[in-house]
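Note that the structure is predicted; figures quoted are calculated from it, not measured. Reminder, nothing fancy here: chain letters follow the sequence lines and each chain counts from 1.
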2 protein chains.
Amino acid sequence: MTRALAGNLLQVPVPELADRFDEWQKFGFDAARCPVRNVLDHIGDKWTALILISLAKEGRRFSAVQRLIPDISKKMLTQTLRDLERDGLITRHVFPTKPPSVEYRLSPLGRSVLDPLAQLVFWAESRHGEIEDARRRFDASSPA
Amino acid sequence: MTRALAGNLLQVPVPELADRFDEWQKFGFDAARCPVRNVLDHIGDKWTALILISLAKEGRRFSAVQRLIPDISKKMLTQTLRDLERDGLITRHVFPTKPPSVEYRLSPLGRSVLDPLAQLVFWAESRHGEIEDARRRFDASSPA
DNA sequence: AAGATATGGTCTATAATAGAGACTATGTTC
DNA sequence: GAACATAGTCTCTATTATAGACCATATCTT
């Protein structure tokens, strides 16, 4: 299908979006080269978004983040924080207290993701009820 | 820290966002009750966003989606499509061809997530270079 | 002075999850 | 008659996540 034709088939309220999707699909969503996958594989994992949100307001220490997200394991918290640091979304600051304390802060790059992330989260909040209804309907019509 | 004080400490370019984060944190990100987690745990998994994007322009059949996302296994494709159907984001249409073909389409609810999702993806695209630079710097300074 | 608590992790053993690939049934194409 | 396509399911294995012990040092409690 050509790009010119595509316009007629849009179901999408964001035309530029569908065009962009077209471009991505030409790369075949190849995991290595596709920026979408390369980045979303990270911020779309189980804990990353939650950690970014935890750091939104102010820098927080390791144990403070863990208290905010009680069911994260130390291992995953460490790992996810490292990945975020590697990607340049957060910075790590060690204070020579005894025992040493470590604070994590959003970098400007990390702060810049809060806005798009918030769009998604607001969507989640506003559609949560609809989704729960859909789930109930689905579960009622296809019993275990 | 009180809500009144919080305003002075904002690092966030989206004030309402930080307030909302405050609210969520009062629920302690409890996995069961928190709408954010409840929903983001799904659309933030490895394949969901990719599948939604694949269906953005037009309905597609099982095998067509699989061709667009070559490295997804049938098992995960089936499972993710089921979850999306259960959540009411896509609909499933069976055609009595031999062998039967099945087309998946975004529902209005599903279409409504494309916009916020696109914000995030555009972010990913525009920041991809910065992130790769950060990764290189990090890997150079902390060798294996 | 002993014991508990806090710090930011690491390490290991186990549990949950994802992936690879065979298999299904029927029909069309070579 | 063999190969291929359809949309899955099923099983086995590989990867990943979690739970929980452990570390060294210092402060607070009793």
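Criterion: ILVMFWY side-chain heavy atoms under 4.5 Å apart, direct or through other members. Under it, A:L81 and A:F95 are not part of a common hydrophobic cluster.
Judged purely by distance below 3.5 Å, without hydrogens or angles, the side chains of B:T91 and B:H93 pair a donor atom with an acceptor atom. With 3.5 Å as the limit, one finds a donor-acceptor pair spanning the side chains of A:T48 and A:D45.
Straight-line distance from the CG atom of A:L77 to the P atom of D:dG20: 17 Å, rounded to whole Å. In this structure, A:H93 places its NE2 atom 14 Å from P of C:dG8, rounding to the nearest Å. Following rounding to the nearest Å, A:F95 (CZ) and C:dG8 (P) show an atom-to-atom distance of 11 Å. Taking atom CD on B:E103 and atom P on D:dG8, their separation rounds to 12 Å, with Å as the unit.
None of A:R137, A:R136, A:R135 except one satisfies the side chain to side chain donor-acceptor pair (under 3.5 Å) rule with A:D133; the exception is A:R136. When each of B:E130, B:E132, B:E125 is tested with B:H128 by the rule side chain to side chain contact (heavy atoms under 4.5 Å, CB included), just one qualifies, namely B:E132.
Contact between the side-chain N/O atoms of B:S63 and the OP1/OP2 oxygens of D:dA7 is found at a separation under 4.0 Å. In this structure, A:R67 does not reach the C:dA6 phosphate: none of its side-chain N or O atoms is under 4.0 Å from OP1 or OP2. OP1 and OP2 of C:dT7 both lie 4.0 Å or more from every side-chain N or O belonging to A:R61.
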Before you tell me yes or no, could you show the steps for B:R82 and B:D87 under salt bridge (Lys or Arg N to Asp or Glu O under 4.0 Å), namely the whole-Å CA-CA distance, both residues' side-chain angles and the distance that decides it to 0.1 Å? CA-CA 9 Å; B:R82 284 286 171 286; B:D87 285 359; over 6 Å; no
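Residues that satisfy the salt bridge (Lys or Arg N to Asp or Glu O under 4.0 Å) test with B:E85, not counting sequence neighbours, are absent from this structure.
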Counting primed atoms plus P, OP1 and OP2 as sugar-phosphate and everything else as base, spell out the protein contacts along nucleotides 9-30 of chain C at 4.0 Å heavy-atom distance: B, S or - for each nucleotide, 5' to 3'. BB-------BB-------S---
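A salt bridge links A:R86 with B:D139: the distance from a Lys NZ or Arg NE/NH1/NH2 to an Asp or Glu carboxylate oxygen falls below 4.0 Å.
Taking five base pairs at each end of the helix from C:dA1-D:dT30 to C:dC30-D:dG1 and finding the rotation axis that steps the C1' atoms of four pairs onto the next four gives two axes whose angle is 10°, to the nearest 10°.
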